[in-house]
There are 2 protein chains.
Amino acid sequence: MTQLDHTDATGEQTPKLGRKRDHTRDADILDAALEVLAETGYDGMTIDMVASRAKAGKGTLYRRWASKGELVIDAVACMKNSDIDLSRLPDTGTLRGDLIATIKSRSIEDGEKKLQIMAGLASMLSRDPELAEAANAAIVEPRATVHRMLMLRAVDRGEISADSDIETLSHITPSMVAYRSLIQRKTVDRAFLVSLIDGVLLPAVGLAHQVPSRVG
Amino acid sequence: MTQLDHTDATGEQTPKLGRKRDHTRDADILDAALEVLAETGYDGMTIDMVASRAKAGKGTLYRRWASKGELVIDAVACMKNSDIDLSRLPDTGTLRGDLIATIKSRSIEDGEKKLQIMAGLASMLSRDPELAEAANAAIVEPRATVHRMLMLRAVDRGEISADSDIETLSHITPSMVAYRSLIQRKTVDRAFLVSLIDGVLLPAVGLAHQVPSRVG
DNA sequence: TATATACGATACTATTGAGTTCCGGATCTA
DNA sequence: TAGATCCGGAACTCAATAGTATCGTATATA
């Protein structure tokens, strides 16, 4: 949810007289907030950092958001679906082909930044359910949704059994990527993602562990 | 310039005269630090909280650790292996039996607290490699090690193929547990852990997805 | 027993940062 | 054009907290 159109954070309304709020500044401020969030985490982030990065005055920020917390929630919520287009999923005819096709270097890079943001928010998630929901919807679910849809399509065409635990399996890659990046602190590269597909996901849906002979 | 000539946090020396340091207080302080860490996260944790929880003076803390950061690193490092005993792994004769046997309610509870601590540390991990290493060794690796050892034993007795990607698979459960608890904010219960074993791990090592007929 | 040091408790200092207010200048509506 | 409100910027208030110092007391060594 974005901030309200005609009122500011404190509930003030559009002025009948005088200059109107310049909403072209909103995106700059939210982008700056996400950058600072990724670099320093929620607690390390200061309003001054965000304001100066966006070349804005602090007053401009507080005219739009009542507090640092609301700014962060809005920033996280607004990055939803910035990089994933569900209407353009790969369709190669096989589940393995589709899964491999979702691996894009741009997708990996974009994912890394979102993971940094998630790490910076982690300690807040247990204290702010609204933030947790926004972070989940913006960072995590889009990734799982891609795999879920590809697997459901594989069920439809009879490639895999409908008994497969698709809900759990669709979260394997997002989970392992977050874990490897944030906790193990190893690089997430194509080889790792392919090994998840060939060593975990496909065997788990009954597509026997095939030595992947130059298919991907 | 520190005020202490004979002992200080960075280089303790036994005094030649006078009262000796009471090292029985150390564990209380470290335990208090872990509790506060789990409840409030690194940034939310204050030295006063830790001191009062441990019924200690702040001076007592600063006599032992030079800073908040060093106290936290020490606290995390000292909880290593507090709950897992690698010399007493289950041995039921089948991989499934062993994996199911590792599910204990006490293990789940203990894991939840460690996950809270990990969440509280998350934003620090990218800035402090020493802390990241301590957290990984204390919280994450012990869990993966159990699964790794059980799977290696299954290879030894010929139950599963040596081609299995055991290194990746051993991190599936720790990863999915962290993900479900911290990000999805769903409960981690026995049913979820069993579904990981039967729906992901066993199929992935070539033990066909069997409908688990009251075996566990 | 005298001395040095640890202890818990508390007061203190210095810094940081959220949020507010004010400035001079720009911009929009009446 | 005039007044209201925006803008970036900077100064300000106020609360929180890391870290230091001190007090009265307890305890171990010489």
Side-chain angles (χ1 to χ4, degrees), chain A residues 3 5-29 32-33 36-37 39-73 75 120 124 128, chain B residues 1-29 32-33 36-37 40-73 75 123-124 128:
Chain A
Q3 67 283 352
D5 287 340
H6 297 290
T7 65
D8 70 12
T10 58
E12 219 173 287
Q13 294 183 354
T14 303
K16 305 269 186 284
L17 230 47
R19 185 178 176 177
K20 286 178 196 159
R21 180 160 304 165
D22 177 9
H23 280 291
T24 67
R25 307 297 292 116
D26 297 4
D28 292 327
I29 296 168
V36 176
L37 211 47
E39 290 168 18
T40 71
Y42 181 90
D43 295 284
M45 160 183 162
T46 71
I47 296 294
D48 288 280
M49 286 181 196
V50 177
S52 68
R53 173 106 35 146
K55 295 195 202 316
K58 292 172 69 173
T60 302
L61 273 70
Y62 279 102
R63 227 171 272 123
R64 288 161 167 76
W65 297 278
S67 68
K68 174 179 169 178
E70 295 195 10
L71 167 61
V72 168
I73 289 175
M124 294 293 299
D128 189 331
Chain B
M1 176 188 301
T2 58
Q3 72 284 11
L4 298 171
D5 292 331
H6 298 290
T7 73
D8 69 46
T10 54
E12 183 186 347
Q13 287 178 299
T14 307
K16 305 270 184 284
L17 229 48
R19 186 179 176 177
K20 287 177 195 157
R21 181 163 303 170
D22 177 8
H23 280 291
T24 66
R25 306 297 292 115
D26 297 4
D28 292 326
I29 296 168
V36 176
L37 211 46
T40 71
Y42 181 90
D43 295 285
M45 159 182 162
T46 72
I47 297 294
D48 287 282
M49 287 180 195
V50 177
S52 69
R53 172 105 39 146
K55 295 196 203 315
K58 291 172 69 172
T60 302
L61 273 68
Y62 279 103
R63 227 171 271 122
R64 289 162 166 77
W65 297 278
S67 67
K68 173 180 169 178
E70 294 195 10
L71 167 62
V72 168
I73 289 174
S123 67
M124 294 292 298
D128 189 331

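In the text below, chain A, chain B and the rest are named by the order of the sequence lines, each starting its count at 1. Side chains are part of it too, since the values below use all heavy atoms of this structure and drop only hydrogens, waters and symmetry mates. Nothing here was measured: the structure is a model prediction, and the numbers come from that model.
- Within residues 40-51 of chain A, no residue places a heavy atom under 4.0 Å from DNA chain D.
- The CG atom of A:Leu71 lies 5.5 Å from the CD1 atom of A:Ile47; values are rounded to the nearest 0.5 Å.
- Listed nucleotides: D:dG19, C:dC7, C:dT29. Nearest to the side chain of B:Arg63: C:dC7.
- In this structure, A:Lys20 reaches the C:dT29 phosphate: one of its side-chain N or O atoms is under 4.0 Å from OP1 or OP2.
- Between A:Leu61 atom CG and C:dT20 atom P the separation is 12 Å, expressed in whole Å.
- The nearest whole Å value for the distance from the CZ atom in B:Arg25 to the C1' atom in C:dA9 is 13 Å.
- At least one side-chain heavy atom of B:Thr60 sits less than 4.5 Å from a side-chain heavy atom of B:Arg63.
- The separation between B:Lys58 atom NZ and D:dC23 atom P is 18 Å, rounded to whole Å.
- Separating the CZ atom of B:Arg21 from the P atom of D:dA28 is a distance of 16 Å, rounded to the nearest angstrom.
- The distance from the NZ atom of B:Lys68 to the CG atom of B:Leu61 is 12.0 Å, given to the nearest 0.5 Å.
- The base of C:dA6 lies close enough to the side chain of B:Arg19 for a donor and an acceptor atom to sit less than 3.5 Å apart.
- Put simply, NZ on A:Lys68 is 8 Å from P on C:dG19, counting in whole angstrom units.
- Counting heavy atoms from C-beta on, the side chains of B:Asp28 and B:Arg25 come closer than 4.5 Å.
- At a threshold of 4.0 angstrom between heavy atoms, the contacts of B:Lys55 are confined to the sugar-phosphate backbone, with no base atom among them.
- Distance from the side chain of A:Thr60 is smallest for D:dC7 among the nucleotides C:dG8, D:dC7, C:dC7.
- Closest contact between the side chain of B:Tyr62 and the listed nucleotides C:dT29, C:dC7, D:dT20 involves D:dT20.
- You'll find the side chain of B:Met45 reaches within 4.5 Å of the side chain of B:Val72, heavy atoms only.
- Expressed to the nearest 0.5 Å, how far OG1 of A:Thr40 lies from CE of A:Met49 amounts to 5.0 Å.
- One finds the OH atom of A:Tyr42 at 12.0 Å from the OG atom of B:Ser123 (value rounded to the nearest 0.5 Å).
- C:dC7 atom C1' lies 14 Å from atom NE2 of B:His23, rounded to whole Å.
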